[in-house]
Amino acid sequence: MSTKTPILYIVIPCYNEQEVLPITAPLFLNELDLLISENLISEDSRVLFVNDGSKDTTWDLIKGLSSENQRYQGVCLSRNRGHQNALLAGLMEAKEKCDITISIDCDGQDDISAMKDMVKEYHNGCEIVYGVRDNRDTDTFFKRFTAQSFYRLLSFMGAEVVYNHADYRLVSSRVLKEFANFKEVNIFLRGMVPLVGFKSTSVFYKRENRIAGSSHYPLSKMLSLAFDGITSLSVKPIRMITGLGGIVAFFSFLMIIYTFVGYFTGNTVQGWASTCSVICFFSGVQLLCLGIIGEYIGKIYLETKARPRYIISEKTDEEKES
Ligand code: UDP
Ligand code: MG
């Protein structure tokens, strides 16, 4: 446990949330005050809203809140950049000013009181604490089904994510400073944060219904998030093409034998065997080649991201220096 109480920034992306913000903002502040009164976090802790180019009065509300109470802060993006980018902007903004961040949606669906457990885990030495949903009883069957398929698809495609964890998590500024070296532009935070390493754990909570307003994650956005998640974390789909190419090539080969047999036993129209053989052979070879080229493109793709190859978390000579 560190000797001084850590400064906490609660980072909250907001997009067209004028209905729910006036209700949830005081809830976040209350939780912050509670944690301060219990001496778990420093008095300099803040609630940081990121306005993601809202088209309603969200930004005015945030400005109003921050003039009322200095514990509210806000940053405004120049336009709507989506949940992940907005969250990243907030985290990068906060990392210089605080010791720990907790990211959470502003709709009150995630149990705010789980923050206390998260901060306690930080005091126990964890640098990342994932908030994991206990149940999905409050979701509709459709949402539950699509969300579960989303996690299954992600893990099947080789993008490892913490099951039933969205973007409610505690991340220390130390982890965020390392994370700043991940320069890629397609970001999928819940899949990328585990890549940084460091000690982590999970806390469990119940997810409630949205307090007001409506979800900004319809099926189309969820699909695009899943696609981003897969393509930014894994080259497995490309590998599957290579596999498919191999299988097709194999069956084409069998087909060629079959046409030859047909030709020699005399059961064919003139020209059929040669045409079939050529089509089968080349379609197999083409798919195989596409897969192999794809494999290389996958490698180039990962290279252009220029992720750090390793991260040093500790050094034996550190203590002498400080
Ligand atoms: N959000 C955002 N930019 C967007 C869409 C959503 O900052 O383009 C924010 C939104 O204000 C909320 C969070 O991301 O705080 C999660 O969105 P939502 O609650 O609509 O998603 P759901 O919980 O239904 O998956
Ligand atoms: Mg929500």
Side-chain angles (χ1 to χ4, degrees), residues 1-13 24-50 69-73 87-88 90-106 108-134 161-180 189-190 192-207 311-316 318-322:
M1 182 176 159
S2 52
T3 42
K4 78 176 181 45
T5 50
I7 300 174
L8 167 69
Y9 270 53
I10 302 177
V11 180
I12 308 162
T24 51
L27 301 179
F28 294 122
L29 188 66
N30 283 350
E31 184 66 20
L32 202 72
D33 290 340
L34 181 84
L35 294 176
I36 292 171
S37 71
E38 293 187 9
N39 223 10
L40 285 167
I41 57 171
S42 153
E43 292 198 352
D44 298 324
S45 299
R46 298 281 180 271
V47 178
L48 174 66
F49 295 104
V50 183
N69 190 320
Q70 56 151 1
R71 286 206 173 125
Y72 288 123
Q73 282 190 358
L87 185 52
L88 183 72
L91 294 174
M92 290 298 121
E93 188 65 23
K95 79 176 191 305
E96 306 299 335
K97 303 175 191 160
C98 67
D99 302 297
I100 43 178
T101 60
I102 293 180
S103 52
I104 187 168
D105 294 351
C106 82
Q109 279 189 289
D110 302 306
D111 179 10
I112 297 173
S113 61
M115 287 188 188
K116 191 168 168 178
D117 292 338
M118 291 185 173
V119 173
K120 282 185 179 158
E121 290 294 352
Y122 172 76
H123 284 294
N124 290 337
C126 290
E127 302 274 343
I128 305 171
V129 186
Y130 301 103
V132 176
R133 254 167 264 166
D134 245 351
V161 290
V162 179
Y163 189 70
N164 262 349
H165 159 71
D167 280 304
Y168 185 20
R169 78 179 87 78
L170 178 148
V171 180
S172 70
S173 64
R174 182 181 181 198
V175 169
L176 288 175
K177 281 172 189 158
E178 298 294 355
F179 189 71
L189 294 171
R190 70 188 82 163
M192 290 165 65
V193 168
L195 299 178
V196 186
F198 293 96
K199 193 172 175 205
S200 66
T201 188
S202 299
V203 301
F204 295 88
Y205 68 93
K206 279 207 168 62
R207 189 162 155 107
I311 293 161
I312 298 165
S313 72
E314 227 171 313
K315 282 182 179 175
T316 49
E318 223 161 36
E319 268 162 54
K320 281 177 241 154
E321 280 168 16
S322 59

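In what follows, every heavy atom counts, from backbone to side chain, and hydrogens, waters and symmetry copies are set aside.
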Can you measure from CD1 (Ile100) to OG (Ser172) and round to the nearest 0.5 angstrom?
8.5 Å
For a side chain to side chain contact (heavy atoms under 4.5 Å, CB included) check, start with the C-alpha distance between Val193 and Tyr130, then their side-chain angles and the critical distance, and finish with the verdict.
CA-CA 10 Å; Val193 168; Tyr130 301 103; 4.0 Å; yes
Determine whether Val119 and Ile102 make a side-chain contact, defined as any pair of heavy atoms from C-beta on separated by less than 4.5 Å.
yes
If we only count heavy atoms from C-beta on, is the Glu127 to Val196 side-chain gap below 4.5 Å?
no
Using the side chain to side chain contact (heavy atoms under 4.5 Å, CB included) rule, take Tyr168 and Gln109 through it: C-alpha gap first, then chi angles, then the decisive distance, then the call.
CA-CA 10 Å; Tyr168 185 20; Gln109 279 189 289; over 6 Å; no
I'd like to check Phe28 versus Arg71 (side-chain heavy atoms, cut-off strictly below 4.5 Å). Are they in contact?
no
Does the side chain of Leu88 come within less than 4.5 Å of Phe179's, by heavy atoms?
yes
Taking Thr24 for the side chain and Cys106 for the main chain, is one N or O donor matched with an acceptor at less than 3.5 Å?
yes
To the nearest 0.5 angstrom, please state how far the OG atom of Ser103 sits from the CG atom of Asp110.
9.5 Å
Just how far is it from atom NZ of Lys206 to atom CZ of Arg133, taken to the nearest 0.5 Å?
14.0 Å
CD/Glu178 to CG/Leu195 distance, rounded to the nearest 0.5 angstrom?
13.0 Å
Residue set satisfying salt bridge (Lys or Arg N to Asp or Glu O under 4.0 Å) with Glu38, at least two apart, ordered chain then number -> Lys116
I'd like to check Arg169 versus Leu189 (side-chain heavy atoms, cut-off strictly below 4.5 Å). Are they in contact?
yes
Value for CG (Leu8) from CD (Glu31), rounded to nearest 0.5 Å, stands at 9.5 Å
To check you understand the geometry: which heavy-atom pair defines the closest contact between Ser200 and Cys126, and what is its length?
C-SG, 4.2 Å
Please list all pairs meeting salt bridge (charged side-chain N to carboxylate O under 4.0 Å, His left out) that have one or both residues in residues 90-99, counting only residues at least two apart or in different chains.
Lys4-Asp99, Glu93-Lys97
Given side chains that start at C-beta, do those of Val11 and Val50 come closer than 4.5 Å, heavy atoms only?
yes
If you measure from OH on Tyr205 to CD1 on Ile112, what distance do you get to the nearest 0.5 Å?
11.0 Å
Contact between Glu121 and Leu170 at the side-chain level, heavy atoms closer than 4.5 Å - yes or no?
no
Are Thr5 and Asn39 close enough, and set up right, to give a side chain to side chain contact (heavy atoms under 4.5 Å, CB included), and what steps lead you there?
CA-CA 7 Å; Thr5 50; Asn39 223 10; 3.8 Å; yes
Considering all heavy atoms, the nearest Ser42-Ile36 contact
O-CG1, 3.5 Å
Do you know the tightest heavy-atom contact between His123 and Pro6?
CE1-CD, 3.5 Å
The residue among Leu29, Leu32, Leu48 that forms side chain to side chain contact (heavy atoms under 4.5 Å, CB included) with Tyr72 is Leu29
Residues which pass salt bridge (Lys or Arg N to Asp or Glu O under 4.0 Å) with Arg190, listed by chain and number, not counting sequence neighbours
Asp167
